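Reading through the structure tokens given below for one structure.
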Amino acid sequence: MKEKDLRRSLSVLPIGTVMKLTSLTARQIRYYEEQGLVFPERNDGNRRMYSLNDIDVILEIKDYLDEGLNISKIQDIYKKRKESNEQNGNSKELSDQEARKILSDELLNIGGLNSKDAENNSF
DNA sequence: GTTCTCACA
DNA sequence: TGTGAGGA
């Protein structure tokens, strides 16, 4: 399973491919990178090379955007997700449980932010 | 032909 | 966000 993760993290896709796969504009894709949502590598001559992992994230971002979240909120979600993934270097199973919880919180948050200001942090 | 950065409508 | 300029 590590093999897949490795390939999945290999950055080999030019922005044009990502555009087609995500149906977003280059502008948006670059913007999300600027916002720290995806981290493409910059191999030959300053060209952004995205990985399947990035595609996944971008697709997810698109999804969140579609559900009414703004960039800053998405940034927050990913920030927290990363923290949860990195804080437990001793237990992978716990990380998985945490990941599930985080996802649940995200969904709850999406539903709850419509009426009031869940803007800050309820979790 | 494709992508990059910067800047402005 | 879109788009155009100017370069690689």
Side-chain angles (χ1 to χ4, degrees):
Chain A
M1 288 300 196
K2 296 177 182 176
E3 200 66 17
K4 281 188 180 178
D5 275 20
L6 271 171
R7 298 184 200 295
R8 173 180 233 73
S9 297
L10 278 189
S11 305
V12 292
L13 311 170
I15 198 168
T17 304
V18 182
M19 287 175 67
K20 293 174 186 173
L21 264 41
T22 64
S23 58
L24 288 174
T25 65
R27 184 80 167 77
Q28 290 175 294
I29 298 170
R30 297 193 194 105
Y31 180 64
Y32 300 154
E33 175 199 3
E34 203 177 314
Q35 302 307 305
L37 269 36
V38 288
F39 346 88
E41 279 167 34
R42 303 294 279 258
N43 289 333
D44 89 275
N46 211 2
R47 244 123 241 190
R48 275 169 261 254
M49 300 301 270
Y50 297 83
S51 67
L52 295 180
N53 228 313
D54 293 325
I55 304 291
D56 225 87
V57 174
I58 294 174
L59 250 19
E60 222 176 290
I61 293 170
K62 204 173 86 106
D63 231 74
Y64 284 142
L65 249 28
D66 202 61
E67 293 182 70
L69 281 77
N70 57 356
I71 296 293
S72 48
K73 191 166 288 292
I74 297 175
Q75 285 181 55
D76 207 62
I77 290 175
Y78 277 81
K79 181 185 174 185
K80 289 181 180 299
R81 180 180 300 178
K82 188 171 186 178
E83 287 175 359
S84 299
N85 276 330
E86 295 183 341
Q87 80 177 175
N88 293 312
N90 34 341
S91 174
K92 290 183 179 180
E93 293 182 44
L94 191 61
S95 289
D96 197 59
Q97 284 180 20
E98 279 299 318
R100 290 197 172 204
K101 189 197 175 197
I102 297 296
L103 280 173
S104 298
D105 286 349
E106 287 168 16
L107 292 176
L108 285 175
N109 214 15
I110 292 172
L113 62 79
N114 282 321
S115 50
K116 283 189 177 181
D117 56 283
E119 198 66 35
N120 296 317
N121 44 9
S122 305
F123 29 70

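Just so we're clear, the structure is a prediction, and the values are computed from it rather than from any experiment. In the text below, chain A, chain B and the rest are named by the order of the sequence lines, each starting its count at 1.
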Using atom CG of Leu13(A) as one end and atom P of dT3(B) as the other, report the distance to the nearest whole Å. 11 Å
Could you give the OH-to-P distance, from Tyr31(A) to dT3(C), as a whole number of Å? 17 Å
Leu24(A) CG to dT1(C) C1', in whole Å, measures 12 Å
For a quick test of reading the model: is some side-chain N or O of Tyr32(A) closer than 4.0 Å to OP1 or OP2 of dT1(C)? yes
I would like to know whether Tyr78(A) and Ile61(A) meet side chain to side chain contact (heavy atoms under 4.5 Å, CB included); could you show each step before the answer? CA-CA 10 Å; Tyr78(A) 277 81; Ile61(A) 293 170; 4.1 Å; yes
5'-most contact on DNA chain C (nearest-nucleotide basis), Arg47(A) vs Ile71(A), goes to Ile71(A)
Rounded distance in Å - CD (Gln28(A)) to C1' (dG2(C)): 10 Å
Under 3.5 Å for both donor-acceptor distances, Watson-Crick or wobble: does dA8(C) have a partner, and if so which one? dT2(B)
Should Asp54(A) and Val18(A) be marked as a side chain to side chain contact (heavy atoms under 4.5 Å, CB included) after you check the CA-CA gap, both sets of side-chain angles, and the distance that decides it? CA-CA 9 Å; Asp54(A) 293 325; Val18(A) 182; over 6 Å; no
Nearest-Å distance, CZ (Arg30(A)) to C1' (dA7(B))? 14 Å
With nearest nucleotide decided by heavy atoms, which residue, Asn46(A) or Arg27(A), maps closer to the 5′ end of DNA chain B? Asn46(A)
Here the distance between atom C1' of dA8(C) and atom CG of Asn43(A), to the nearest Å, is 16 Å
From the options dG2(C), dT3(B), dT1(C), select the nucleotide whose nearest atom is closest to the side chain of Thr25(A). dG2(C)
Common cluster, Tyr32(A)/Ile55(A), ILVMFWY with side-chain heavy-atom separation under 4.5 Å: yes
Can Ser72(A) and Asn70(A) be counted as having a side-chain donor-acceptor contact under 3.5 angstrom? yes
Distance in Å, Ile71(A) CD1 paired with Leu65(A) CG, rounded so as to fall on 0.5 Å steps: 5.0 Å
Using a cut-off of 4.0 Å on non-hydrogen atoms, how would the nucleic acid contact of Gly16(A) be classed: base, sugar-phosphate, or nothing? sugar-phosphate
Between dT3(B) (P) and Tyr50(A) (OH): distance, integer Å: 10 Å
Return the value, rounded to whole Å, for the distance between atom CG of Asp44(A) and atom P of dA8(C). 15 Å
